[in-house]
Amino acid sequence: MKFMFNATGLPLQDLMIGASVYFPPIFKAFVTGFILWLVVHRLLRDGIYSGEIWHPLLMDLSLFTLCVCLAFVMLIAW
């Protein structure tokens, strides 16, 4: 098979074509989980930082982990 596209003389010859970029499923789950976490964090922020929870940062990290896992399950089911 011979590649016929010749890009000599064009600017940005080493630019990668958009269709050849591969996003693995864990990246998609991470981005989707982050967006989901932003919504959940906004809803629960007052309760997390009210002082009732011993360590708010650990609560945020666990919520983020749950959101990424949920996003991965949603990607698998879809």
Just do the side-chain contact (heavy atoms from CB on, under 4.5 Å) check on Phe34 and Leu38 with the steps written out, would you? CA-CA 6 Å; Phe34 179 70; Leu38 286 174; 3.7 Å; yes
Listed pairs under 3.5 Å, donor-acceptor, residues 40-53 side chains, sequence neighbours left out:
from: His41; atom 1: ND1; to: Asp60; atom 2: OD1; distance (Å): 3.0
from: Tyr49; atom 1: OH; to: Asp60; atom 2: OD2; distance (Å): 2.5
from: Ser50; atom 1: OG; to: Gly47; atom 2: O; distance (Å): 3.0

Anything under 3.5 Å between a donor and an acceptor, one on a side chain of residues 61-78, the other on a protein residue two or more places apart or in another chain? List them.
from: Ser62; atom 1: OG; to: Leu58; atom 2: O; distance (Å): 3.2
from: Ser62; atom 1: OG; to: Met59; atom 2: O; distance (Å): 2.8
from: Thr65; atom 1: OG1; to: Leu61; atom 2: O; distance (Å): 2.9

